[in-house]
Amino acid sequence: QVFVLLENIYRAFDKIAVQRRIFKVETIGDCYVAVCGLPEPNKEHAVAMAKFSRDCMEKMDSLVHRLEAKLGPDTGDLSMRFGLHSGPVTAGVLRGDRARFQLFGDTVNTAARMESTGMRDRIHISQETADLIIAAGKSHWVVPREDVVVAKGKGEMRTFWLLPREDVAPSTKASSETMEEFGHVEVSMDPEPMVQAVTAVKSDKIQRMIDWNCDILLQLLRLIGAKRQASRRASISGSAMDTELDELEREISTGGLPVDEIVECIELPSFDSAAYEKDPRFVEIGEAVEAQLHSFVTIVASMYRDTPFHNFEHASHVSMSTVKLLSRIVAPTQPMQESEDGVAGEELHDHTYGITSDPLTQFAVVLSALIHDADHRGVPNFILAKEEERLAQVYRNKSIAEQNSIDVAWEVLMEAQYHDLRRAIYTTAEELRRFRQLVVNTVMATDIFDKDLAMLRKSRWEKAFGVEDDYSPEATNRKATVVMEHLIQASDVSHTMQHWHVYTKWNERLYREMYAAYLAGRTDKDPTDGWYEGEIKFFDGWVIPLAKKLKECGVFGVSSDEYLNYAEKNRAEWVVRGEDVLENFKAKAAAKSKVMKRIEYGDHVGVGNGMKRVAFAKDEPAPEQAQSMLSSIASIDALPEKGNGQARDLLQ
């Protein structure tokens, strides 16, 4: 994914460089080095490089949004820092096996310092470059940087910002980090534009996540359709079959609790060589199904409440991790994309316990990731049981949040307006039952604290992987069930098995969520107490053993090693830096809580994801009007009179 991203970005930058007569020197990892004024002299080198930087910044913004469908919704949050400096250099070609053009000198080092001390989505320039741009009659292009930069090996430096071109609106990145970094810029204190700006940022990001999830689910629906057509089981739309499915849907919707539906092993279909005959790219899903899928995903997004952690962005992050792991469930000697013939396909089917050859299973697991925290209240089940007594009674104090998430999402899917979507997912009673079992087992697997469910999963694991040489259909189905449960569990905490900055980002959000519950009196314990030690215990008792089990499943290849390595590295890093990181968490959460006191929340309105939410308990009817999507955020009844720092905090 990193290679795909950088390849697209660098290719685009290369084209801009040719147009602007900029010489590309080299790329070092994710750093793009270019120069103007050599080997061909150019008196306007500073202005040319300024234009090149602007073009690259705009191209970067458009590219990351376009690549979201391929690389995931978080891709749209990526951005760059730019640093420019002007001065003399020593340049030439170093001879050897890989001769290349090189630059040397203090100017190169200073340019690197401009980049490293800059900010995302900003072009940071030195005094020398600013003087040249001003001398060229472009003084309106630059503004002084308010704070003094202390650069390694340089000491204090006076620097400037190169402004975006006048006819291009500033980039609106949907992240609190961007808000914080741009805090020193003059901000209007008129509350209405501020509210609209924040709403636009939030809504835009959610819409991008909705679109990405729809794209992924649509691809899987095409695979379902391709297998159905290739197996010569075209969608049965007869009234008798439709009536049977309608009755079964009503039976499931009015039946018992999801926790009672958990099964020991889910029976997946046997291998069908005919399923490889149809190319899913040429399968027509139909405009009605696509529209209903988009509407359904949007409604699911609206169900997620304004919580720092358990929100729609988290659900999309889990979906992305689920898709990643599903794509890597392949036989080591036979990649999935090459398995187009019956023999190779059967080998892959057997090795992966039937998961890779059943697109309905994959669709159900990804959908489960999307809905697994729908209507989450921002507190654990033991607190929810005290706050929502009626809900707790309905679900017998067992996995309250997880059962509720299944029910609210399933209730919406069963509405009449999604009839075509349901018939695209399943066309027989057998498929419907398997789809329901997959959703229930997968979502319920995300409750890792229920002791009874934990014992059930432990027993299932021992039966599945504790007995060798058992190739019976029941044993294979049990292994498939275990793999899917571990897949969703790993995806749910995947931030602990990714880069350090991803781990700390989501860890801070979880801390903020618990801290907000503490300040609201929903819990008596300050989460700061024991958080540092608790993270170490969580790594040792859950994350690292889970990563090891991914490897023991035998179907994830090098991905299991990747997850385990990141988990162990993050644990080691947390041991060293965790206490300082936690202090930073607390300081930021305390500052944010002061700002939030100035914000008044309307009913069913939140700042977090900018969406109205739909929530109802199991014994309440689904709302007919579940159509409204994006909404404005809450009103602000008190604003600081002046002070950019306060305005920044309020926006953040």
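Because the structure is predicted, anything quoted here is derived from the model rather than measured.
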Evaluate the criterion side-chain contact (heavy atoms from CB on, under 4.5 Å) for residue pair Val575 and Tyr532; output intermediate values, then yes/no.
CA-CA 8 Å; Val575 169; Tyr532 170 77; 4.0 Å; yes
Please check if the side chain of [X] supplies one atom and the backbone of [Y] the other of a donor-acceptor pair under 3.5 Å.
X: Arg422; Y: Glu415; result: yes
X: His314; Y: His310; result: no
X: Arg305; Y: Met303; result: no
X: Asn213; Y: Ile210; result: no

Point-to-point distance, once rounded to the nearest 0.5 Å, from [atom1] of [X] to [atom2] of [Y]:
X: Leu245; Y: Glu251; atom1: CG; atom2: CD; answer: 12.0 Å
X: Leu63; Y: Thr75; atom1: CG; atom2: OG1; answer: 11.5 Å
X: Thr446; Y: Asp373; atom1: OG1; atom2: CG; answer: 6.5 Å

Between Trp531 and Phe538, is the gap from one ring center to the other below 6.0 Å?
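For Trp531 and Phe538, the ring centres are not under 6.0 Å apart.
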Check: Tyr566 ring centroid to His499 ring centroid under 6.0 Å:
yes
Anything under 30° is parallel, anything over 60° is perpendicular, the rest tilted; go ahead and classify Tyr353 against Phe465.
perpendicular
Relative to the ring of Tyr503, is the ring of Trp574 parallel (under 30°), tilted (30 to 60°) or perpendicular (over 60°)?
perpendicular
Start with the C-alpha gap between His495 and Phe309, add the side-chain angles, then the distance that decides, and say whether side-chain contact (heavy atoms from CB on, under 4.5 Å) holds.
CA-CA 12 Å; His495 62 281; Phe309 184 89; 4.0 Å; yes
For Cys265 versus Thr481, what's the shortest heavy-atom pair and its separation?
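That closest heavy-atom pairing would be CA-OG1, 3.4 Å.
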